[in-house]
Amino acid sequence: VGPVSFRTQHGEGSRMSEFLRPYAKKMAEFTDAPEIYHEAVALSVFGELLTRESHRCVLAEGVPRRWTNLWIILLGPSGSARKSTCIDMGRAIINRIDAESLGPDEMSPEGLIEHMTRRDLQGYGASAMFVQSEFSALLLQLRRQYAQSLRGVLLQFYDVPPRYNRTIRKKVYDFANPRASMLGGIAIELLADYGKAEDWLGGLFNRCMFILGRRTRMFGDDPNVPDKVLDDLAVKLGYALERWREHISALEFPPIPLGEAAKKVKRTLPLPPEDPYLYTALARISSHFSKIATIEQIDEDPESIEVGKAAAERALKFVLQWRETVPEILETCFARGREDFEGDRLQKRILRYLKDCKGGRSSVEGILRSCAMKVRDVMEALHDLKAARFVDLEGEGHVENVQLIKQK
């Protein structure tokens, strides 16, 4: 499988794709999964292999500096979108290049840290790809008592702190730049059932790119990818990675910046939405864009010294496809639990929401959609807030709008 020319594939000049386009095109021949799944998996695999110490790609953005690790979670109807099939295809490529980069299936805090330590001692750096074909299992594990610290560890390893130091049962773990990539899949119904408010608002889910896909075609046969196809794709990716390693190591691993043309493309990212919860869900759109643009640039030219305009435009296209689905995902999957209605939590939540709204004003419909779709509870909470002189209720006969009262 040779590099695919964008002249024939996208009409964008003669730029080449070493892996991303050949992989997506070839996998689409063998499965009727949504094509965006293949694009997302390819970005995830490429990004992970660029986090290894010998091939490390560090962006000239972020404090601390960003790496190319992505958390890609395929989202679709239960049992019909071929999420696991696409994940297994990506895992097959990693197995052919660096199987040791795959982290343990058992995601206890200790197991995760032990794996990072082994990778660091082996000279790869504290990097790993965690494959979660059933992402719901990880969400359930985060609720268990023995895994209470797992969430914090995962969030840290996404952000890549300069150093991680921890003592567990008198054993000291100390390594630099731990970075975790993740590739997973979950049914829409299970994300709605198992995702809690703290996942949406506490930073876990806005680090993930939930890639929503629906099949538009049906094959009569089950997927059957010949080993030679996977071997050839792995060779192509390996070749690009080695060209990158030789180039970047000769330059002593400088951070990779966005070129001026790429920065102009980035500035076209849509402004943050006014809805505070949607804003939170999209909080890392800039980070996602920069990581994907960098991966795209190395795929186009493994000897690049900065991200160019064409790579940035391809990243923008992918990020905007993802962004368009976020409101739907949030509306259908974000849910409150019983604990969110205890005491005066709902009242305080509505108050925080109004403070984030433009002019401190919202319709009742907006409050119901964003805070809790329980009419009786919301109306009681609004009357409590009115009695406490936090809000004014507007409307003839029934409440239509709510206005925050400025406190002296």
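Counting from 1, the numbers follow the sequence of the chain as shown.
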Taking everything shown except Leu140 itself, do over 12 heavy atoms lie less than 6.0 Å from its CG?
yes
Phe318 and side chain to side chain contact (heavy atoms under 4.5 Å, CB included): which partner among His288, Met209, Glu296?
Met209
What verdict does the salt bridge (charged side-chain N to carboxylate O under 4.0 Å, His left out) test give for Arg91 and Asp88, after you've listed the backbone C-alpha separation in whole Å, the side-chain angles of each residue and the deciding distance to 0.1 Å?
CA-CA 5 Å; Arg91 181 173 10 210; Asp88 288 340; 2.8 Å; yes
So, Arg56 side chain and Glu53 main chain: donor-acceptor pair closer than 3.5 Å or not?
yes
Is there a salt bridge (charged side-chain N to carboxylate O under 4.0 Å, His left out) between Glu260 and Lys264? Walk through the geometry before answering.
CA-CA 6 Å; Glu260 287 305 315; Lys264 288 183 180 179; over 6 Å; no
Ion pair present between Asp340 and Lys196, side-chain N to carboxylate O less than 4.0 angstrom?
no
Within a strict 4.5 Å, meaning less than it, do heavy atoms of the Val364 and Met379 side chains meet?
yes
Just by distance, do the side chain of Asn165 and the backbone of Asp174 share a donor-acceptor pair under 3.5 Å?
no
Hey, are Arg352 and Asp356 close enough for a salt bridge, meaning a charged N less than 4.0 Å from a carboxylate O?
no
Report the C-alpha separation of Arg119 and Glu100 in whole Å, then their side-chain angles, then the decisive distance to 0.1 Å, and conclude whether the salt bridge (charged side-chain N to carboxylate O under 4.0 Å, His left out) test is met.
CA-CA 8 Å; Arg119 290 283 290 174; Glu100 293 298 319; 5.9 Å; no
Can you confirm if the aromatic rings of Phe210 and Phe205 lie within a centre distance of less than 6.0 Å?
yes
Would you please test Arg361 and Asp392 for salt bridge (charged side-chain N to carboxylate O under 4.0 Å, His left out) and show each step?
CA-CA 10 Å; Arg361 191 169 187 269; Asp392 277 331; over 6 Å; no
Would the number of heavy atoms belonging to other residues, nucleotides or ligands and lying under 6.0 Å from CD of Glu29 be above 12?
yes
Would you say Gln321 and Thr325 make side-chain contact, with heavy atoms under 4.5 Å?
no
Do NZ/NE/NH1/NH2 and the carboxylate oxygens of Glu365 and Arg369 come within less than 4.0 Å?
yes
Does CZ in Arg144 sit with more than 12 non-hydrogen atoms of other residues, nucleotides or ligands closer than 6.0 Å?
yes
Is the positively charged end of Lys291 above the ring of Tyr158, judged by distance under 6.0 angstrom from the centroid and angle within 45° of the axis?
yes
Is it true that atom CZ of Arg245 has more than 12 heavy atoms of other residues, nucleotides or ligands lying nearer than 6.0 Å?
yes
Taking only residues two or more places apart in sequence or in another chain, which ones pass ring pair (Phe, Tyr, Trp, His ring centres under 6.0 Å) with Tyr277?
Phe334
Could you give the side-chain donor-acceptor pairs of residues 39-50 under 3.5 Å, partners two or more places apart or in another chain?
residue	atom	partner	partner atom	Å
Glu48	OE1	Thr51	OG1	3.4
Glu48	OE1	Ser181	OG	2.9

Does a side-chain heavy-atom distance below 4.5 Å link Phe130 with Phe157?
no
Are side-chain heavy atoms of Phe30 and Pro226 found at a separation under 4.5 Å?
yes
So, Asp275 side chain and Leu278 main chain: donor-acceptor pair closer than 3.5 Å or not?
yes
With side chains defined as the heavy atoms from C-beta onward, is the minimum distance between Arg96 and Asp227 less than 4.5 Å?
yes
Any side-chain heavy-atom pair from Trp322 and Ile329 closer than 4.5 angstrom?
no
Quiz item: cation-pi between Arg349 and Phe341, 6.0 Å / 45°
yes
Any side-chain heavy atom of Leu269 within less than 4.5 Å of one from Arg323?
no
With heavy-atom distances below 4.5 Å as the criterion, would you say the side chains of Arg345 and Glu339 are in contact?
yes
